Amino acid sequence: MARLVGGVGCSHVPAVGAAIDNGRTDEPYWAPYFAKLEPARDWMAEVAPDVCIVVYNDHASAFSLEVIPTFALGLADEFPPADEGYGPRPVPVVHGHPEMAWHVAESLILDEFDLTLVNEMPVDHGLTVPLSVMFGQPEAWPCKVIPLCVNVVQYPPPTGRRCYRLGQAIRRAVDAFGADERVVVLGTGGMSHQLQAERAGFVNVHFDTAFLDGLVADPEAIAGIPHVDYLREAGSEGIELVMWLVMRGALGPRVREVYRATHVPTSNTHNGLLILEET
Ligand SMILES: [Fe+2]
């Protein structure tokens, strides 16, 4: 039987990917941030998942405004790194797990979560940066990946509670998968940041810290945060935090905080990394 062995919340800041790809991680700006990744990478190496379900958002790389799926699941054998305007990142191709992905698709849809099913999809920094954060620069990614794409780009995105319930449904799907796979769920994006207009560069460490505390101890309450509160308290792109609720929903009610690291700034964001295991 498949077994969920942990959950990771992780920012997916594109500049972090660029720093890794361009060999700049030792520079004074970046070194303090990258030093904080080591315990997370050690945990990941020890847990050694066979499969990561990566919950992320596409940034108009695979999908444009022509088609905006609320939840899209990747079923392919492989997913190439997307060209986001300056060529694809020099990272390995992401290998999927079609057998498990189709099982998850069937389980979720019969569980009344209506997914868009995707057979061909480039994956952008939303997915590849968290892999780089957790695995560094391997020749090949050490696990298979099932991409789950969430719309947080075009209003209206799903609610936090819908994302939390989706995570619970993913857990039921994982538990029912017959093969002996070790699974980690990654929820990516956030934390507070705003990329445009008068509040560009806005971060709110107080809100983010309370969000992380609540995500660990009282996720049902955090799931109730309305969209307007994310906008006001976490900036116009802070809504990406709802994807962390998918990860949290996949874990049981009680979790142990294995590791937390935050850093201000990376690019113009408050960067977060959280590792949880069930107790
Ligand atoms: Fe993003």
Side-chain angles (χ1 to χ4, degrees), residues 8-21 33 37 52-65 67-74 79 81-86 88-89 91 94 118 121-134 145 147-160 162-163 166-167 185-197 199-204 207-208 211-212 215 225 227 230-231 233-248 262-274:
V8 176
C10 182
S11 295
H12 61 220
V13 181
V16 167
I20 294 170
D21 299 342
Y33 163 73
L37 303 188
C52 282
I53 299 173
V54 181
V55 186
Y56 76 109
N57 70 286
D58 178 74
H59 304 74
S61 302
F63 307 115
S64 67
L65 292 180
V67 179
I68 306 165
T70 300
F71 298 118
L73 191 74
F79 305 91
D83 183 346
E84 299 182 60
Y86 36 84
R89 288 192 64 211
V91 293
V94 173
V118 187
M121 180 168 70
V123 286
D124 71 12
H125 69 270
L127 183 137
T128 63
V129 166
L131 294 182
S132 298
V133 166
M134 296 307 292
V145 172
L148 175 60
C149 208
V150 178
N151 167 43
V152 293
V153 170
Q154 171 66 55
Y155 188 84
T159 64
R162 185 66 172 158
C163 290
L166 176 63
V185 177
L186 276 83
T188 80
M191 294 188 292
S192 60
H193 62 303
Q194 174 148 343
L195 303 180
Q196 64 253 305
R199 293 203 305 166
F202 174 81
V203 300
N204 185 345
F207 174 86
D208 291 334
F211 182 93
L212 295 180
L215 197 68
I225 297 174
H227 287 143
Y230 285 104
L231 184 64
E233 301 295 335
S236 56
E237 278 68 47
I239 188 64
E240 289 187 344
L241 279 167
V242 295
M243 295 182 286
W244 294 45
L245 278 157
V246 180
M247 174 276 287
R248 183 63 184 87
T262 61
H263 192 81
V264 183
T266 56
S267 185
N268 52 2
T269 76
H270 184 202
N271 194 307
L273 179 55
L274 182 71

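Given the structure is predicted, the values throughout are model-derived calculations rather than measurements. As the structure lists them, so they are numbered: ligands from 1, and atoms in each ligand from 1.
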OG on S192 to OH on Y230, rounded to 0.5 Å: 12.5 Å
Residue and atom, protein N/O/S, under 2.8 Å of the Fe ion (ligand 1): H12 NE2, H59 NE2, E240 OE2
Within the 4.5 Å heavy-atom criterion, are [X] and [Y] side-chain neighbours or not?
X	Y	answer
V129	V13	no
R89	S132	yes
V8	M247	no

Exercise: do E84 and H125 side chains pair donor with acceptor under 3.5 Å: yes
Residue pair T70 / R162, side-chain donor-acceptor N/O under 3.5 Å: no
